[in-house]
Amino acid sequence: MAKIQKIKGVADLFPEESAKYAFMERTAREVFSAYGYGELRIPILEKTELFCRSIGEETDVVQKEMYTFPDRKGRSLTMRPEATAGVVRAYVENKIYQPGKVTKLYTYGPMFRYERPQAGRMRQFHQLDAEVFGASEPQADAEVLLMLATFLSKIGLEKLSFELNSLGCPECRPLYRKALDDFFNSVNKEELCEDCQRRVNSNPLRVLDCKNKKCAELTKDAPSIPDHLCRDCRDHFDAVIALIDEAGLVYTLNPRLVRGLDYYQRTAFEVTSGDIGSQTAVAGGGRYDGLVESLGGPKQVPGIGFACGMERLAMLLGDNFEEKLDFYVALVDQRAAGDALIFAEKLRKSGLKGEAAFVATSMKSQLRQANKLEVKKCFIFGTDEVENGTVTVKDMIEGGQESLPRDEYFK
RNA sequence: GUGGGUGUAGCUCAGUUGGUAGAGCACUUGGUUGUGGCCCAAGUGGCCGGGGGUUCAAGUCCCCUCACUCACCCCA
């Protein structure tokens, strides 16, 4: 029979790799709950409209990357390409909001985007996502940033850079866009790269972000967002900066940082690494004060949050996340197989982790196996005849005698 | 959607101007040994991604296809 292979852009994670994810999830739960966040579990499937309205009809994510299909009654469903929309939907639908009440939630799970896979980019990928509702104060922005930094530090990643910007609000952003349009009208668009000639109209902020040297040169003197912030946005941003400075967070201000999803405003940030290929962002987020309302919730419920890309973080983690076993029960005579199993069970009841061989092989290969597993102790089960009486089943079970500790064996 | 790279043993890879398929590691067995490791010897294991073509002869040349991978684009 022909074998069936997995579809493009998904992964099977065996223990060596899945242990990294388990470690990150465990750490995230610890850190997030220390900041007062509770876990929200939401569906992978949502109505397509949810993402169109939140992420933005014109974004690439919505236009060409979503797994969208009709269900059996012809309703359009979409496998979530990101987490925030679903969290906001749940928040609104369950009427969690109350005036003055702050809600902190986190969620974790697979996301889906139909893209060509490459390093750090899968069609099914996993995000850890945290959101705060009901707090417009800069303290919320600062706390979210600090929590993210704490999490990344706790999983052992220190060489990451935090980039920070403010995108303005519906008040000041149009003014900035006007200034930017004026600027692009003053430059020779022919000299921009092909992509940017298109982007000037579709997504002018992205032009400022272009890696092409020519584009970077041409847009060197483009108006910057922070220079066009309204008074409230300026004050807010300054307050956030003052707070994280005081808390000792190391970051860089990147006036050209933009977000890919339409709902962001004011504080926007990204955590990047230069060690995972061309996809540098390992986490990103920001404030989205208008989103709750645009998804049918009450007016003026602010929100802020971030998402971490687990695949990208996993690339930065070292090895050795697999838990080592405490013992191995070696089997050198099949007649002792049952005794080996029972003995292992007894050890497990006393709190040790380990395994017993099912099939007897030579002493040499059994000990080789124990060595490979890096167990602390190896027990040898055989019979008197085979063992020449060195270590016998009877001795170990009835007398409780262990074979030599690993150090003794392997010195 | 657009480009580049790679598909040969379980793994990492060699394979010369086309001439019957190789190494290291791993595994199994034996030797050595302080029951491991190290070292030595032997052994198991491949429709050379798939299909078509050229040729007396294709892993090697040509065409098609599939998969993986990196990059563009986009994003976490």
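These figures come from a predicted structure and were not determined experimentally. Here is the naming used below: chain letters follow the sequence lines, and residue numbers restart at 1 for every chain.
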I'd like to check the salt bridge (charged side-chain N to carboxylate O under 4.0 Å, His left out) partners of [X]; sequence neighbours left out, ordered by chain and number.
X: A:Lys372; answer: none
X: A:Glu16; answer: none
X: A:Arg75; answer: A:Asp71
X: A:Glu293; answer: none

If you assign A:Ala281 and A:Lys372 each to the RNA chain B nucleotide with the nearest heavy atom, which residue ends up on the more 5' nucleotide? A:Lys372
If we take the [atom1] atom in both [N] and [M], what is their distance in whole Å?
N: B:rC66; M: B:rC27; atom1: C1'; answer: 31 Å
N: B:rC68; M: B:rU28; atom1: P; answer: 32 Å
N: B:rA26; M: B:rC63; atom1: P; answer: 41 Å
N: B:rA67; M: B:rC75; atom1: P; answer: 26 Å
N: B:rC39; M: B:rC25; atom1: P; answer: 8 Å
N: B:rU35; M: B:rG22; atom1: C1'; answer: 35 Å
N: B:rU60; M: B:rG19; atom1: P; answer: 10 Å
N: B:rU32; M: B:rG5; atom1: C1'; answer: 47 Å

Give [X] one of three labels, base, sugar-phosphate or nothing, depending on what nucleic acid heavy atoms sit under 4.0 Å from its own.
X: A:Phe306; value: nothing
X: A:Arg368; value: sugar-phosphate
X: A:Thr59; value: nothing
X: A:Leu313; value: nothing

Kindly state each residue pair satisfying salt bridge (charged side-chain N to carboxylate O under 4.0 Å, His left out) with at least one member in [range], sequence neighbours excluded.
range: residues 238-249 of chain A; answer: A:Arg234-A:Asp238
range: residues 351-360 of chain A; answer: A:Glu323-A:Lys353
range: residues 166-188 of chain A; answer: A:Lys178-A:Asp182

Ionic contact status for A:Arg259 with A:Glu270, cut-off 4.0 Å: yes
Under a cut-off of 3.5 Å for both distances of each Watson-Crick or G-U pair, what dot-bracket string does RNA chain B give, using [ ] for crossing pairs and | for inter-strand pairs? (((((((..((((.....[..)))).(((((.......))))).....(((((..]....))))))))))))....
Footprint string (nucleotides 67-73 of chain B, 5' to 3'): B base within contact, S backbone only, - free, heavy atoms under 4.0 Å: SS-SBBB
Check the distance between [N]'s [atom2] and [X]'s [atom1] and give it to me in whole angstrom.
X: A:Gln124; N: B:rA76; atom1: CD; atom2: C1'; result: 15 Å
X: A:Leu316; N: B:rA76; atom1: CG; atom2: P; result: 17 Å
X: A:Ile4; N: B:rG49; atom1: CD1; atom2: C1'; result: 18 Å
X: A:Phe14; N: B:rG10; atom1: CZ; atom2: P; result: 16 Å
X: A:Tyr328; N: B:rG36; atom1: OH; atom2: C1'; result: 13 Å
X: A:Glu163; N: B:rA76; atom1: CD; atom2: P; result: 14 Å
X: A:Tyr263; N: B:rC75; atom1: OH; atom2: P; result: 12 Å
X: A:Arg312; N: B:rC74; atom1: CZ; atom2: P; result: 14 Å

Tell me which pairs pass side chain to side chain donor-acceptor pair (under 3.5 Å) where either residue lies in residues 149-158 of chain A, with sequence neighbours left out. A:Tyr35-A:Thr150
side-chain contact (heavy atoms from CB on, under 4.5 Å) partners for A:Ser224, two or more places apart: A:Pro226, A:Asp227, A:Pro255
Look at the side chain of [X] and the backbone N and O of [Y], then say whether any donor-acceptor pair between them is shorter than 3.5 Å.
X: A:Arg53; Y: A:Ser294; result: yes
X: A:Arg113; Y: A:Gln124; result: no
X: A:Gln334; Y: A:Phe358; result: yes

List, with names and distances, any nitrogen or oxygen atoms from the protein found under 3.5 Å away from nitrogen or oxygen atoms belonging to nucleotides 30-33 of chain B.
unit_1	atom_1	unit_2	atom_2	d
B:rG31	O6	A:Lys364	NZ	3.1

